Amino acid sequence: MERTLAIIKPDAVGRGLAGRIISRIETEGFDIRAMRMVRLSKTEAEGFYYVHRERPFFASLTEFMSSGPAIVIALEAPNAIRNWRDVMGATDPAKADEGTIRKQFGSSIEKNATHGSDAPETAAFELGYFFPGIDLV
Ligand code: ATP
Ligand code: MG
């Protein structure tokens, strides 16, 4: 079993897509171990996306991620990290495969509906950023 952090980003929450995305998480066979709605400050978004601090899109990305409520979710499944990224699809919705969440619900390379950790180390950091161990059921 493996855990990963998923986020339903502010674009998707704002457009009323959270229910459909959570439903997809369940039908894809992930177990939800923790879930919470958050309204990130700019500083909290910057801390979360710290690895991207030198990228040209960092300011815009952290503005966007702090622009409205998001839903953070701890997922568990065999190969959860890889499998959740496959279900989400490519970062750019225009390049994402048919049937992926970002193809279906993403509106731009930035407003791409969901987040998923990309490796065991980042999953551990990202899960810990939002959930103390006691909150993981
Ligand atoms: P995430 O980390 O959110 O799951 P990802 O791993 O597919 O997405 P990253 O390269 O880690 O993509 O980028 C993090 C986020 O930054 C993207 O999901 C997207 O919201 C935003 N982003 C990435 N590339 C660009 C870009 N060229 N222009 C604007 N925003 C971008
Ligand atoms: Mg990433």
Side-chain angles (χ1 to χ4, degrees):
M1 278 297 186
E2 186 176 70
R3 285 175 179 165
T4 192
L5 182 82
I7 303 179
I8 305 176
K9 293 184 179 183
D11 59 319
V13 173
R15 290 168 59 211
L17 301 170
R20 275 183 275 174
I21 293 172
I22 292 166
S23 178
R24 177 77 186 269
I25 285 169
E26 291 177 329
T27 57
E28 293 287 346
F30 297 95
D31 289 329
I32 293 173
R33 294 294 177 207
M35 179 160 66
R36 188 156 62 87
M37 183 167 272
V38 294
R39 174 74 196 258
L40 296 180
S41 67
K42 183 81 157 50
T43 305
E44 289 165 343
E46 287 166 357
F48 180 76
Y49 276 123
Y50 181 75
V51 292
H52 292 319
R53 66 196 176 282
E54 310 289 356
R55 308 284 283 276
F57 56 80
F58 184 68
S60 177
L61 171 63
T62 53
E63 266 317 315
F64 160 57
M65 289 300 289
S66 57
S67 67
I71 298 173
V72 293
I73 311 172
L75 300 182
E76 187 173 272
N79 302 311
I81 296 169
R82 175 78 259 150
N83 289 349
W84 174 239
R85 288 181 70 85
D86 288 347
V87 171
M88 289 198 302
T91 307
D92 184 353
K95 295 179 182 152
D97 287 340
E98 216 50 62
T100 61
I101 288 175
R102 284 167 164 171
K103 177 75 174 186
Q104 190 176 5
F105 297 132
S107 33
S108 71
I109 191 166
E110 179 178 82
K111 295 178 175 59
N112 57 5
T114 53
H115 164 84
S117 311
D118 61 10
E121 303 71 40
T122 45
F125 167 75
E126 293 177 358
L127 287 164
Y129 200 80
F130 291 111
F131 299 113
I134 197 167
D135 281 355
L136 295 163
V137 301

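Keep in mind that the numbers below use all heavy atoms, side chains included, and drop hydrogens, waters and symmetry copies. Quantities reported herein were computed from a predicted structural model and do not represent experimental measurements. Read the numbers this way: they start at 1 and go in the same order the structure lists the ligands and their atoms.
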- [ ] Would you please determine whether Asp118 falls within less than 4.0 Å of ligand 1 on a heavy-atom basis?
- [x] no

TODO: For residues Pro10 and Ser67, determine if any side-chain heavy atom of one lies less than 4.5 Å from a side-chain heavy atom of the other.
DONE: yes

Task: Nearest-neighbour protein heavy atom for atom 21 (C) of ligand 1, which is reported as residue plus atom name and distance - done: Leu61 CD1, 3.8 Å

Task: Per-residue contact class, Lys111 against ligand 1 - non-hydrogen pairs under 4.0 Å - done: neither

TODO: Around atom 14 (C) of ligand 1, find the nearest protein heavy atom and jot down its residue, atom name and distance.
DONE: His52 NE2, 3.6 Å

Open item on the list: Using heavy-atom distances only, which candidate in Thr114, Thr91, Ile109, Thr122 approaches atom 5 (P) of ligand 1 most closely?
Closed with: Thr91

Task: Verdict with reasoning, Glu110 to Ser60, per side chain to side chain donor-acceptor pair (under 3.5 Å) - done: CA-CA 8 Å; Glu110 179 178 82; Ser60 177; 2.5 Å; yes

Task: Whether Arg85 lies under 4.0 Å from ligand 1, heavy atom - done: yes

Open item on the list: Less than 3.5 Å apart, any donor N or O on the side chain of Lys42 or Thr62 sitting next to an acceptor on the other?
Closed with: yes

Task: Proximal ligand 1 atoms for Asn112, defined as those under 4.0 Å from one of its heavy atoms - done: 17 (C), 18 (O), 19 (C), 20 (O)

Task: Phe64 six-ring centre to Lys111 NZ/CZ under 6.0 Å and within 45° of normal - done: yes

TODO: To the nearest 0.5 Å, tell me how far Phe105 CZ sits from Arg24 CZ.
DONE: 8.5 Å

TODO: Only heavy atoms count here, so choose which of Lys9, Glu110, His115 is nearest to atom 18 (O) of ligand 1.
DONE: Lys9

Open item on the list: For Phe130 together with Phe48, are the ring centres under 6.0 Å from each other?
Closed with: yes

Open item on the list: With the threshold set at under 4.0 angstrom, would you say Arg102 reaches ligand 1 through any of its heavy atoms?
Closed with: yes

Task: Axial cation check for Phe57 ring with Arg55, 6.0 Å and 45° limits - done: no

Task: Option of least heavy-atom distance to atom 29 (C) of ligand 1 (set: Phe57, Trp84, Tyr49) - done: Phe57

